[in-house]
Amino acid sequence: VQLQASGGGSVQTGGSLRLSCAASGFIFRINTMNWYRQAPGKQRELVASITSGSKSNYADSVKGRFTISRDNAKNTMYLQMDSLKPEDTATYYCNVKIYNEYWGQGTLVTVSS
């Protein structure tokens, strides 16, 4: 299983970024995929999930601002992040649970005020 996250960067408050997670080594289309984030000095937290049927769930802190999606033809998951706030600053990880838990390498998002 390999997960490759990309798309992070530095933006100002109110800006947007789109993260991507390219997956390989497993049957992507049948698995729930997750985005987590970890801010400096804080625990890793679940940001959003999307099921095989594209049902999505979000942390309260990002509802209405972030949109998770997937393209099963490309084995890729996305996280569209709009109206970014400084508190969204973190390293973002893609994740899948298939008997074991697998993580991508993380992509850093920095939001400045």
Cluster companions of Y78 among Ile, Leu, Val, Met, Phe, Trp, Tyr (side-chain spacing under 4.5 Å): none
Connected-component partners of I27 among ILVMFWY, side-chain separation under 4.5 Å: I30
L3 side, atom CG; C21 side, atom SG - distance, nearest 0.5 Å: 4.5 Å
Counterpart residues, salt bridge (Lys or Arg N to Asp or Glu O under 4.0 Å), relative to R65 (two or more places apart): D88
Residues that K55 engages under salt bridge (Lys or Arg N to Asp or Glu O under 4.0 Å), provided they are two or more places apart: none
G8 backbone acceptor or donor facing R18 side chain under 3.5 Å: no
Short side-chain to backbone donor-acceptor contact, R29 and N75, under 3.5 Å: no
Mind listing the closest non-hydrogen atom pair of [X] and [Y] along with its distance?
X   : Y    : result
I68 : M33  : CD1-O, 4.2 Å
C94 : A5   : SG-CB, 4.0 Å
L84 : M81  : CD2-CB, 3.8 Å
V1  : I98  : CG2-CD1, 4.4 Å
P86 : S113 : CG-CB, 4.0 Å

Check against side-chain contact (heavy atoms from CB on, under 4.5 Å), L46 and S49: CA-CA 8 Å; L46 179 63; S49 296; 3.7 Å; yes
Could you tell me which residues satisfy side-chain hydrogen bond (donor to acceptor under 3.5 Å, both in side chains) with [X], sequence neighbours excluded, listed by chain and number?
X    : answer
R44  : Q38
N100 : none
N95  : N34, K97, E101

Is the shortest side-chain heavy-atom distance between [X] and [Y] below 4.5 Å?
X   : Y   : result
T32 : V96 : no
F28 : K74 : no
S69 : Q80 : no

Selection residues 33-64 - residue pairs positive for ring-ring contact (aromatic ring centres under 6.0 Å, His included), sequence neighbours left out: Y36-W103
For S24, side chain to side chain contact (heavy atoms under 4.5 Å, CB included) partners two or more places apart: Q2
For S61, all residues meeting side chain to side chain contact (heavy atoms under 4.5 Å, CB included), sequence neighbours excluded: R37, A59
Working for side-chain contact (heavy atoms from CB on, under 4.5 Å), residues Q105 and Y93: CA-CA 7 Å; Q105 85 287 4; Y93 300 89; over 6 Å; no
Salt bridge (charged side-chain N to carboxylate O under 4.0 Å, His left out) contacts touching residues 3-14 (sequence neighbours left out): none
Identify all side-chain donor-acceptor contacts of residues 9-17 below 3.5 Å with residues at least two apart in sequence or on another chain.
residue, atom, partner, partner atom, Å
T13, OG1, S112, O, 3.0
S16, OG, D82, OD1, 2.7

side-chain contact (heavy atoms from CB on, under 4.5 Å) assessment of L19 paired with T107: CA-CA 8 Å; L19 306 184; T107 185; 3.9 Å; yes
